[in-house]
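Have a look at the structure below, then the notes.
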Amino acid sequence: MKTKLFLLSMIAAALASCEGPMGPQGEPGAPGEGVNWKILYYTVRANDWHLVGGENELNSYYMYEFDEPELSDFIYESGNVLGYIILNSGKSNETLSPLPYNIALGEGSGSNEFLWTENYFFDYMPGSVAFFVYYSDFNTEIKPPTCEFRLVMNW
């Protein structure tokens with residue numbers, strides 16, 4: 001009896017699991033959603049950084065702005081822009097670090113220690129992108145080094 005009941009259950013399960021004909025194709029996704037992207041590279045040379053504020057004054061910082069026609073109103077309003085600093089560019093240990101990038105630094109001179117943090121970040125608007133460097137101690141008499149950046153835009 002158990003064998004007949006088991007066999008009947010197996011036949012019923014096999015018949016219930018059969019697939020029917022394929023249904024109609026669904027609606028396509030919204031055009032352009034998540035499929036468009038562009039990568040842009042920028043280099044700010046050490047001599048190109050512009051000091052905002054006075055040398056070694058409180059709230060002074062460095063910046064450089066690029067005209068960027070690829071940054072459209074549409075990307076600004078509906079897209080996403082990610083920024084990276086490229087460290088050790090062209091070397092075997094090259095890395096991308098997302099912006100903002102903060103690094104604590106220090107150096108000694110005799111029995112004195114000098115400690116500070118360098119803060120790199122960016123902002124953008126339609127038609128331009130700007131990169132910034134802030135020093136925690138506002139010691140802006142020395143310009144930042146040449147820096148390479150990467151932007152990834154998607155929309």
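The figures here come from the full heavy-atom set of this structure, side chains too, leaving out hydrogens, waters and symmetry mates.
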Under 3.5 Å, side-chain donor or acceptor atoms of residues 81-103 against the rest of the protein: list the pairs with distances, not counting sequence neighbours.
residue: S89; atom: OG; partner: E148; partner atom: OE1; Å: 2.9
residue: S89; atom: OG; partner: E148; partner atom: OE2; Å: 3.2
residue: E94; atom: OE1; partner: G90; partner atom: N; Å: 2.6

Do you know the tightest heavy-atom contact between [X] and [Y]?
X    : Y    : value
R150 : Y41  : NH1-OH, 3.6 Å
L51  : S60  : CD1-CB, 4.2 Å
L115 : G106 : CD2-CA, 4.0 Å
G54  : T140 : O-OG1, 3.8 Å

Would you call [X] and [Y] a side-chain contact if the rule is heavy atoms closer than 4.5 Å?
X    : Y    : result
F122 : V129 : yes
N112 : F114 : yes
V133 : N119 : no
E70  : L40  : yes
Y76  : Y124 : yes

Side chain Y61, main chain Y135, donor-acceptor under 3.5 Å: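 Between the backbone of Y135 and the side chain of Y61 there is no qualifying donor-acceptor contact (under 3.5 Å).
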Side-chain donor or acceptor of S136 paired with backbone N/O of T117 under 3.5 Å: yes
CD/E113: more than 12 non-hydrogen atoms of other groups inside 6.0 Å: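 Atom CD in E113 is not packed in, count stays at 12 or less.
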I need the [X] [atom1] to [Y] [atom2] distance, nearest 0.5 Å.
X    : Y    : atom1 : atom2 : answer
W49  : M63  : CH2   : CE    : 9.0 Å
Y42  : E65  : OH    : CD    : 11.0 Å
K143 : H50  : NZ    : NE2   : 9.0 Å
M125 : I75  : CE    : CD1   : 15.0 Å
L105 : W116 : CG    : CH2   : 5.5 Å
K38  : L71  : NZ    : CG    : 11.0 Å

Results of salt bridge (Lys or Arg N to Asp or Glu O under 4.0 Å) for E55 - residues two or more places apart only: none
Between F149 and F131, ring centroids under 6.0 Å: yes
Audit row: F121, Y134, ring-ring contact (aromatic ring centres under 6.0 Å, His included) steps and yes/no: CA-CA 9 Å; F121 64 97; Y134 278 77; 5.4 Å; yes
